[in-house]
Amino acid sequence: MLDIQLLRNDLAVVTARLAERKFVLDALTFQKLEDERKILQTQMQDLQAKRNTSSKQIGAAKAKGEDVSIIMAEVASLGDELKAAELAFAQLAEQLNALLQLMPNLPDESVPTGKDETDNIEVSRWGTPRAFNFEIKDHVDLGAPLGLDFETGAKLSGSRFSLLRGSVAKLHRALAQFMLNTHSNEHGYEEMYTPYIVNDSALFGTGQLPKFAEDMFKVTRGGDEEGHVDQYLISTSEITLTNTVAGDLLKSEQLPIRLTAHSPCFRSEAGSYGRDVRGLIRQHQFDKVEMVQIVHPEQSDNALEELVGHAEKILQLLELPYRKVLLCTGDMGFSSQKTYDLEVWLPAQNTFREISSCSNMGAFQARRMQTRFKNEQGKNELVHTLNGSGLAVGRTLVAVLENYQNADGSITVPAVLRPYLGGRERLSA
RNA sequence: GGAGAGGUGGCAGAGUGGUUGAAUGUACCUGACUCGAAAUCAGGCGUAGUAGCGAUACUAUCGGGGGUUCGAAUCCCCCUCUCUCCUCCA
């Protein structure tokens with residue numbers, strides 16, 4: 001959520017910066033509501049003040065045993081007037097709030113202006129795509145004999161669900177464990193295991209709600225009729241990890257907080273019907289190892305670079321070629337003020353595909369969650385939050401299958417994964 | 001699922017229809033004492049918001065929501081979470 005003060009003081013600037021990310025802020029309407037708010041709020045507060053002083057007078061008079069009927073008569077009409085004023089203000093505040101909640105974060109100054117992914121900037125490349133001297137297969141064909149099974153996934157749960165058997169299941173598990181171990185043992189993150197079902201308040205905190213309810217899976221409890229809080233399957237453990245500090249007032253020495261977790265992620269993928277229908281790339285359920293940092297505002301720029309580095313490290317250790325891309329204003333996620341994507345080389349698609357997204361959310365989520373810390377001046381200040389995939393496990397599996405394939409259809413196990421697979425060097429049917 | 005107890009400021013913990021934004025302790029800040037520190041003493045110290053250039057004034061806030069009342073931390077209703085006991089269960 002943006003700082004309402006910023007909108008009040010610099011409406012034109014905010015409107016312009018939001019426009020860079022294709023968000024149209026109706027500045028005139030906002031200004032009109034805001035002017036109205038000012039009037040209604042002062043009216044309401046005046047009435048409240050009147051009520052408070054009168055009530056105190058009544059109390060004082062009664063204590064002295066005086067007659068209070070005169071004051072009581074004066075106050076009599078106040079109640080309805082006040083109720084009306086409070087209602088009017090509440091309705092308007094609701095409108096303003098709804099508007100505010102739907103506004104995305106402001107892009108950082110270092111973010112290039114652009115309309116879509118074609119305007120993203122490639123920052124760096126690592127590794128050299130391997131040259132194959134045989135006809136290569138894609139991960140679907142490579143995975144099938146090793147246990148990658150879409151038919152059974154669909155039988156159980158419908159399209160965009162998959163099932164892993166045997167070698168592929170083990171490889172998948174090895175990848176997740178390797179990532180989690182690396183972040184917790186080498187990169188200073190605390191390993192977490194979190195719920196996969198969350199309240200709507202958590203989703204509000206990280207920004208999935210109210211705007212992106214369509215992307216979520218909603219759940220109901222058995223036997224529940226109604227009257228219960230809405231709950232959802234997490235679309236990323238960013239939600240649970242980040243919201244661990246929701247509502248907290250932290251001590252500055254607690255910062256930075258670095259958390260990592262391996263979890264399934266559930267996404268309804270509404271509105272992506274035609275895209276990536278083949279293979280593991282876009283599923284309703286996939287695993288991800290997530291990194292989250294809660295930091296001092298001055299540290300968040302550095303923390304983002306560091307966090308991207310942690311994700312890159314995984315790709316490097318797996319010896320998977322990738323490139324690092326700085327997203328332009330038009331391609332960034334709702335809550336982000338700056339995002340790097342890591343794209344891994346997929347030989348069968350002859351292209352780079354997103355495998356990690358690392359973002360600095362600034363105070364955007366912290367403001368929604370009300371997560372603050374005592375700063376050097378003893379003042380409460382919003383923290384900054386960051387998160388990044390390190391990495392998407394399913395897509396990493398795709399990348400390993402395709403990049404490590406051999407002419408006979410077998411897969412060479414990346415060296416760093418062998419300890420997780422009982423020393424096996426090769427997976428074959 | 002059943003029974004009971006409870007959710008108060010950073011933390012601990014009083015309070016019970018009226019001047020209580022809330023005792024007290026602790027933490028924290030300032031000052032005194034000290035070479036310095038500890039201890040001690042004195043003072044200060046919640047958060048969010050509104051109006052104002054500002055001093056300042058005002059409003060809201062005692063888990064969340066609704067109600068009663070001129071007035072609610074305090075009374076009533078609903079929800080939620082925590083704890084204890086029983087039940088169930090992996």
Side-chain angles (χ1 to χ4, degrees), chain A residues 1-9 31 33-97 99-101 193 195-205 209 220-232 240 243-255 257 294 296 363 366-383:
Chain A
M1 205 152 62
L2 296 178
D3 184 358
I4 184 80
Q5 298 297 351
L6 200 60
L7 280 137
R8 285 175 186 158
N9 300 332
Q31 190 61 55
L33 288 172
E34 177 53 22
D35 292 342
E36 213 175 318
R37 187 222 96 231
K38 217 181 234 190
I39 295 164
L40 285 176
Q41 186 164 0
T42 46
Q43 275 177 0
M44 176 187 69
Q45 292 187 348
D46 283 348
L47 288 168
Q48 286 170 330
K50 230 183 256 180
R51 177 204 57 197
N52 289 345
T53 50
S54 300
S55 292
K56 275 183 187 171
Q57 281 173 13
I58 293 172
K62 271 197 169 175
K64 285 188 241 162
E66 295 169 4
D67 178 34
V68 292
S69 57
I70 299 168
I71 318 177
M72 294 282 271
E74 280 174 17
V75 181
S77 62
L78 209 66
D80 293 339
E81 214 182 328
L82 179 57
K83 219 160 246 175
E86 284 176 337
L87 187 69
F89 174 76
Q91 283 171 347
L92 193 78
E94 183 83 15
Q95 276 186 63
L96 272 167
N97 241 335
L99 216 54
L100 193 63
Q101 286 170 6
Y193 170 82
Y196 301 149
I197 294 175
V198 292
N199 298 331
D200 51 6
S201 62
L203 293 176
F204 178 81
L209 289 182
T220 51
R221 293 189 196 185
D224 275 7
E225 289 301 318
E226 54 179 300
H228 284 276
V229 193
D230 290 339
Q231 295 197 303
Y232 300 82
T240 47
N243 276 290
T244 54
V245 295
D248 287 354
L249 179 57
L250 302 165
K251 300 201 164 85
S252 61
E253 56 267 27
Q254 288 178 264
L255 305 177
I257 296 171
I294 315 293
H296 190 291
R367 188 171 291 109
R368 291 174 157 250
M369 297 190 298
Q370 278 305 301
T371 302
R372 297 155 304 161
F373 74 104
K374 277 265 187 247
N375 69 15
E376 295 74 16
Q377 290 77 41
K379 285 282 170 203
N380 296 345
E381 188 176 348
L382 294 167
V383 297

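So you know, we letter chains A, B, ... as the sequences are listed, proteins then strands, and number each from 1.
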How many angstroms lie between atom CG of A/Leu203 and atom OG1 of A/Thr240, to the nearest 0.5 angstrom? 10.0 Å

Looking only at atom [atom1], what distance separates [N] and [M], rounded to whole Å?
| N | M | atom1 | value |
| --- | --- | --- | --- |
| B/A51 | B/C45 | P | 25 Å |
| B/C77 | B/U68 | P | 15 Å |
| B/G6 | B/G63 | C1' | 11 Å |
| B/C76 | B/A60 | P | 23 Å |
| B/C75 | B/U87 | C1' | 34 Å |
| B/A32 | B/U82 | P | 49 Å |
| B/G4 | B/C58 | C1' | 44 Å |
| B/A57 | B/A22 | P | 14 Å |

Reading RNA chain B 5' to 3', how would its secondary structure be written in dot-bracket notation, given Watson-Crick and G-U pairs with both distances under 3.5 Å, brackets [ ] for crossing pairs and | for partners on other strands? ((((((((.[[[..)..(.....]]].(((((.......))))).((((((....)))))).[[[[[..)....]]]]])))))))....

Could you pull out the closest heavy-atom pair between [X] and [Y], with the gap in Å?
| X | Y | value |
| --- | --- | --- |
| A/Thr371 | A/Val245 | OG1-O, 2.8 Å |
| A/Leu7 | A/Leu100 | CD1-CD1, 3.2 Å |
| A/Gln57 | A/Ile71 | OE1-CG2, 3.9 Å |

Any side-chain N or O of A/Lys38 less than 4.0 Å from the OP1 or OP2 oxygen of B/A51? yes

With sugar-phosphate meaning primed atoms plus P, OP1 and OP2, does [X] contact a base, only sugar-phosphate, or nothing at under 4.0 Å between heavy atoms?
| X | value |
| --- | --- |
| A/Leu249 | sugar-phosphate |
| A/Ser54 | nothing |
| A/Gln5 | sugar-phosphate |

Listed pairs, N/O of protein and of nucleotides 60-62 of chain B, under 3.5 Å:
{"unit_1": "B/A60", "atom_1": "OP1", "unit_2": "A/Arg51", "atom_2": "NH2", "d": "2.6"}
{"unit_1": "B/A60", "atom_1": "OP2", "unit_2": "A/Asn52", "atom_2": "ND2", "d": "3.2"}

Can you figure out which of B/G18, B/A48, B/G49 approaches the side chain of A/Gln45 most closely? B/G49

Among B/C70, B/G49, B/A48, the one nearest A/Gln41 by side-chain distance: B/G49

Check whether the side chain of A/Lys56 and the base of B/G18 form a donor-acceptor pair under 3.5 Å. no

Taking atom NZ of A/Lys374 as the centre, does the number of heavy atoms from other residues, nucleotides or ligands within less than 6.0 Å exceed 12? yes

So for atom CD, which belongs to A/Glu94, do other residues, nucleotides or ligands contribute more than 12 heavy atoms lying within a distance under 6.0 Å? no

Please figure out whether A/Val75 or A/Lys62 has its closest RNA chain B nucleotide nearer the 5' end. A/Lys62

A/Arg37 or A/Asn380, whichever maps to the more 5' nucleotide of RNA chain B: A/Asn380

Expressed as a whole number of angstroms, how long is the span from [X]:[atom1] to [N]:[atom2]?
| X | N | atom1 | atom2 | answer |
| --- | --- | --- | --- | --- |
| A/Leu87 | B/G66 | CG | C1' | 14 Å |
| A/Asn9 | B/A51 | CG | P | 10 Å |
| A/Phe89 | B/U59 | CZ | P | 15 Å |
| A/Asp248 | B/G63 | CG | C1' | 15 Å |
| A/Ile39 | B/G52 | CD1 | P | 12 Å |
| A/Lys374 | B/C28 | NZ | C1' | 8 Å |
| A/Glu86 | B/G66 | CD | P | 10 Å |
| A/Gln370 | B/G64 | CD | C1' | 16 Å |

For residues [X] and [Y], determine if any side-chain heavy atom of one lies less than 4.5 Å from a side-chain heavy atom of the other.
| X | Y | answer |
| --- | --- | --- |
| A/Phe373 | A/Gln254 | no |
| A/Arg37 | A/Gln95 | no |
| A/Asn243 | A/Val198 | no |
| A/Leu47 | A/Arg51 | no |

Side-chain H-bond candidate by donor/acceptor type, A/Gln48 with A/Asn52, under 3.5 Å: no

